[in-house]
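One structure below.
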Amino acid sequence: MFQSRTHNCGELRMDNIGQTVTIAGWMENMREVGQNFAFVIVRDFYGTTQVVVDTEEMFRTFKEINKESTVQVTGTVRERDSKNPKIPTGDIEIVPTEVRVLGKCRYNELPFEVNRSREADETARLKYRYLDLRNPEVKDNIVLRCNVVAALRQAMTEHGFLEITTPILTASSPEGARDYLVPARKHPGQFYALPQAPQQFKQLLMVSGIDRYFQIAPCFRDEDARGDRSPGEFYQLDMEMAFATQEDVFTVLEDVLPPIFAKYGKYDTASEAPFLRIPYLEALEKYGTDKPDLRIDLICQDITAHCQGTEFPPFNEEGAEVKAVVVSGSKLTRKQIDALCADTEVQSGKKPYWFRMDENGELVGGVAKFFADRKDTITDALGLQPDCLVGIAVGPRGQAQKTIGVMRNKLGAAVEGHMKKEQYSFCWIVDFPMYEIGEESGELEFCHNPFSMPNGGLETLLKAERGEIDPLAITADQYDLVCNGVELSSGAVRNHDPEIMVKAFEMVRLGEEDVKQRFPAMYNAFCYGAPPHAGIAPGVDRMVMLLAGEDSIREVIPFPMNKNAQDIMMGAPGTVDPKQLEELHIAVTAVEEAEE
RNA sequence: GGCCGAGUAGUUCAGUCGGUUAGAACGCUAGCCUGUCACGCUAGAGGUCGAGGGUUCAAGUCCCUUCUCGGUCGCCA
């Protein structure tokens, strides 16, 4: 029979010497170092403890047990002959008197070695996630996640926020990502949708008089995965404040996040409150992206004016802008530069160019010859010194910015001394435009979401309507929190006025009926007296990923799905019993047909 | 959906110009070893080279098709 443990595998010390103890855990290893003499390592959540085997009977007992079986060991604690300072329990060992197998591991060969699971094929890790999680390095990320979530809860509660859960089965939202749908048994042909975010509910809570709301909220979006984006589902620290401005929201996060990053982060936090605020357009111009990695000290520049009249055709294309990023002290070889340019082209969709100033102050390599007739001007404009490498992007503004932004990241990481990798650098991106010209439609569309309050309110929209200002110049108090080039969070001061909401929709050729139809609950609620309100929703998974210093978001999710949104451990998604489909009034078209 | 990369022993990988019996490390099995801690030493077992087709006297290697996984772009209010 299984008895209670007296100790876990991480706590025995010199003080326990002489005591009779019972531990339990997984048999990690058996090192046979002599005839009928061996060391057995037992591992549990808390650590590992060494059991010394020095009788023929015990040796035979342990030798029959497959690694990774669970065992219970009762014995006496004694001081080790040779101690191991690398292990917390390294001063002691247990001389066993009784050993019991609690859960047999039936296989003497595992899909991977537990302690080296991070090197194993990801598919195998995900299929045998329970083995993967036995690896302390893997488990620690999940423990970190628990600690971070607990700290977030505590901090938000201390700031007067109430944690309120909102429905998981709700209505499909007409905007945004693809929905996950759930058939409604009692309503043939109708569907619930899993929430992409609790956006509308939290705004309704504001109208309800809840002053400060938060939730560690599950969000569901049926979009493709990325390294930093889990397919299907993820968690946000969703929050909203009534009678609040953008600054009020910033103050809360600048108060809540830094201590958590300081306590649980792998690196130091470089940013102090208030975090740097960068207007959206300035971010695009200086960093080539709206999620700049401020650990890199490079700034992009526009050199369009200096490229007029060059012999290089791309510089002279209609509407082309030329952007440059200069990195000093470059020792990159021609081969390295080419590889870097190729990577940039893959990621930005546009080939970048380059030239450099050599150690003698001559412009050489790449497109250098096109600048030969204006060497002094360009040297002056870019502040070139010997051993400077210049990355160049050409194209319509957006394309050129994107390309130079990718180039900036790559050069910053590749050239010594331009990136402080081991720190957290925060910034707010502010003043997002309210509208943009849609690439497909060619007409005015909402740039991000339609819930934001345009700066200047109704008056601004009316001016735009009268043609007094460019609608593209209208900004919103909409903001992103960025850390190390990762978009941690997006938020806004919301539009709480039905009249302004309708007007905002009219700008994109929609009207009152569209607002009512798409957001009936919110529109109705706002007609009953809504407070001005603002909020934000930092991604929990991404935050933990940054804190853990991981590049893949799957390392901080307990049971992640693979790239194709499959849980190969559980077999999801999978087919279901025809009877279930019948109850749900669902007919499945032949898959082949669906794929045609 | 596009592009790039990968798929060879239980695992991680190597495999030259197409050429004899497809190798290494870890793991596994057996033996040796009384202070190991990534224990060490000796020996052994273990392969549908992702799948299908083709070229060839001969294919892990070349060609075509296809599947799977990863990265990336699209997408992600």
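These values consider heavy atoms only, across backbone and side chains, with no hydrogens, waters or symmetry-generated copies. Chain A is the first sequence line, chain B the second, and so forth, proteins listed ahead of strands; every chain is numbered from 1.
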Could you write nucleotides 69-74 of chain B as a row of B, S and -, 5' to 3', where a protein heavy atom under 4.0 Å of any base atom gives B, of only sugar-phosphate atoms gives S, and otherwise -? SSBBBB
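- With rounding to whole Å, A:Asp179 atom CG is found 18 Å from B:C75 atom P.
- Between the CD atom of A:Glu68 and the P atom of B:U11 there is a distance of 17 Å, given to the nearest Å.
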Going 5' to 3' along nucleotides 25-36 of chain B, which nucleotides have protein heavy atoms under 4.0 Å from the base (write B), which only from the sugar-phosphate (write S), and which from neither (write -)? -BBSS---BBBB
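- At a threshold of 4.0 angstrom between heavy atoms, the contacts of A:Ala38 with the nucleic acid are absent.
- Straight-line distance between the P atoms of B:C4 and B:C26: roughly 38 Å, to the nearest whole Å.
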Dot-bracket, 5' to 3', for RNA chain B please: Watson-Crick or G-U pairs under 3.5 Å, [ ] where pairs cross earlier ones, | where the partner sits on another strand, dots elsewhere. (((((((..((((.....[...)))).(((((.......))))).....(((((..]....))))))))))))....
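- Separating the C1' atom of B:A25 from that of B:U72 is a span of 32 Å, rounded to the nearest Å.
- Less than 6.0 angstrom separates the ring centroid of A:Phe446 from the ring centroid of A:Phe505.
- With a 4.5 Å cut-off on side-chain heavy atoms, A:Ile94 and A:Thr49 count as touching.
- With rounding to whole Å, A:Ile94 atom CD1 is found 16 Å from B:C37 atom C1'.
- Tested against A:His533 for a side-chain hydrogen bond (donor to acceptor under 3.5 Å, both in side chains), the candidates A:Arg494, A:His496, A:Gln203 yield a single pass: A:Gln203.
- Residues A:Phe201 and A:Tyr213 place their aromatic rings such that the two centres sit no closer than 6.0 Å.
- Between A:Glu223 atom CD and B:G1 atom P the separation is 14 Å, expressed in whole Å.
- Annotation: B:C64 and B:G70 have their C1' atoms spaced 24 Å apart (nearest Å).
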